[in-house]
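Beneath this line is the structure, given in structure tokens, with notes to follow.
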Amino acid sequence: MKVAFYSIRDYDRAFFDEANKSAGHDLRYLHYQLNNETVGLIEDEAAVCVFVNDELDAEVLRTLQQRGVRLVALRCAGFNNVDLVATEKLGISVVRVPAYSPNAVAEHTLALVLALNRKIYRAYNRVREGNFSLDGLLGFDLNGRTVGIIGTGRIGRIVARILLAIGCKVIASDPLPCPECEEMGVRYVGLTELFQQSDIISLHCPLNCDTHHLINESNIAQMKQGVMIINTSRGTTLDARAVIVGLKSGKIGYLGLDVYEQEGDLFFQDLSNQVIQDDVFERLVSFPNVLITGHQGFFTKDALQNIAQTTLNNINDIERNGKCINEISSSLLREPCK
Ligand code: NAI
């Protein structure tokens, strides 16, 4: 099948070229993010392959369909950037990679927790400058601390397992509690109790109407003084402006982000020679107790191999059988946001 790839980077390309040696599809790589302005770059492809920050709203999808596109192949798990009601109306199939490496994201979550707690990013810079002072680097033992996990799906349950092994007490909130977690020793609680009891809160839920700005002013008010918040899920689960207020007051003692609400304008590109226009983001990076990575939780060799292989298998399945186990539909959506 002819496939146009949007938002492609050299590292993606290497893995897709390798996986395509056996799949034999006709792949065309575009560096641009898919949106209303770039949708016209489609030629005669029957499929587009897209990533987390490509914008597939009803208008973009209509143009794709008019140009002959019948398949959207997401090379990621999340699908909040695709209007699934529109794809159904237009007869466009949508496939995704549901789990390329939950370990990669879970391990990155741990990296953020450890680096923030022991201020590794500050220590690294200090030692390079010959500054061996320990002032400001004081951490705390993770052993015995309470961690609240919001969403114990594929990623959240691995985070729970790792933290339990370190000696943390793990509580969790999920509308679908997982028996495996309960057997490990995770206790399910309501969100209020989770906010009140947790020393560390880590988000591993999808972005939906219930989780949009879940970390907001009133929920932050319920949290412990000096709480650590980690978000590797989707940027919009956290209200960045409310978090800035919490950081300024000291209510939030640590913030680790791998995702950001407006990341589509920033992440996955080198902007080091430009003036960043997003003042909220710039305020966040100015705090000494905030550590931000640019959506790299998934970024391991193992995950990229899985992404490439599964994406091409998904395309094969649709091409040959007209159906695929990784196909998604609007039935996965909850009530539309009011
Ligand atoms: P999953 O679908 O396996 O698990 C999500 C869990 O969240 C489910 O157990 C679900 O019941 C639960 N959930 C749904 N609504 C909830 C709510 N209101 N409160 C609490 N829990 C709720 O998803 P997976 O694979 O574990 O991914 C989790 C998140 O990580 C997603 O947002 C995904 O987009 C993000 N992600 C981030 C990556 C990164 O590179 N930073 C890479 C891959 C995924």
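Note that ligands are numbered from 1 as they come in the structure, with each ligand's atoms numbered from 1 the same way.
When the options T236, T232, V105 are ranked by their closest heavy atom to atom 37 (C) of ligand 1, first place goes to T232. Closest heavy-atom approach to atom 34 (O) of ligand 1 among the candidates H108, R154, R234, H295: R234.
The pair D317-K323 fails the salt-bridge criterion, with no side-chain N (NZ, NE, NH1 or NH2) lying under 4.0 Å from an Asp/Glu carboxylate O. Ion pairing between a basic and an acidic side chain is recognised when a charged N comes within 4.0 Å of a carboxylate O; E18 and K21 show such pairing. Taking a cutoff of 4.0 Å between a charged side-chain nitrogen and a carboxylate oxygen, E193 and R187 qualify as a salt bridge.
Residue-ligand proximity: Y100 is placed with a non-hydrogen atom under 4.0 Å from ligand 1. The closest approach between any non-hydrogen atom of A99 and ligand 1 is not below 4.0 Å. The closest approach between A77 and ligand 1 stays at or above 4.0 Å for every heavy atom of the residue.
Proximity to D258 (heavy-atom distance under 4.0 Å) selects the following atoms of ligand 1: 39 (C), 40 (O), 41 (N). Residue-ligand proximity, T211 to ligand 1, at heavy-atom distances under 4.0 Å covers atoms 17 (C), 18 (N). Within ligand 1, counting atoms from 1 as listed, the ones closer than 4.0 Å to a heavy atom of G297 are 40 (O).
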| said: Applying side chain to side chain contact (heavy atoms under 4.5 Å, CB included) to I149 and V170, what does each step give before you reach the verdict? | reply: CA-CA 7 Å; I149 296 183; V170 179; 3.8 Å; yes
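The distance criterion of under 3.5 Å between nitrogen or oxygen atoms is met by F298 with respect to ligand 1. Here's the thing with D174: one of its N/O atoms is less than 3.5 angstrom from an N/O atom of ligand 1. The shortest N or O to N or O distance between Q296 and ligand 1 is not under 3.5 Å. Note: no N/O pair closer than 3.5 Å links P175 and ligand 1 by distance alone.
At a heavy-atom distance under 4.0 Å, atoms from both the backbone and the side chain of I155 approach ligand 1. Here D210 has side-chain heavy atoms under 4.0 Å from ligand 1, and that is the only part of it that gets that close. When heavy-atom distances to ligand 1 are checked against a 4.0 Å cut-off, N208 comes that close only through its side chain, counted from C-beta outward. Only the backbone of H204 comes within 4.0 Å of ligand 1, counting heavy atoms alone; no side-chain atom from C-beta on gets that close.
Under the 3.5 Å distance criterion, with hydrogens and angles disregarded, a donor-acceptor pair is assigned to the side chains of D17 and Y29. When only modelled atom types and interatomic distance are considered, S101 and N306 share no side-chain donor-acceptor pair under 3.5 Å.
Y260 meets the ring pair (Phe, Tyr, Trp, His ring centres under 6.0 Å) test with F281; sequence neighbours excluded. When the side chain to side chain contact (heavy atoms under 4.5 Å, CB included) test is applied to A123, the partners found at least two apart in sequence or on another chain are L137.
Ring centroids of F267 and F51 are separated by 6.0 Å or more, keeping the two rings apart.
Sparse packing is recorded around CZ of R118, with 12 or fewer heavy atoms of other residues, nucleotides or ligands lying under 6.0 Å away.
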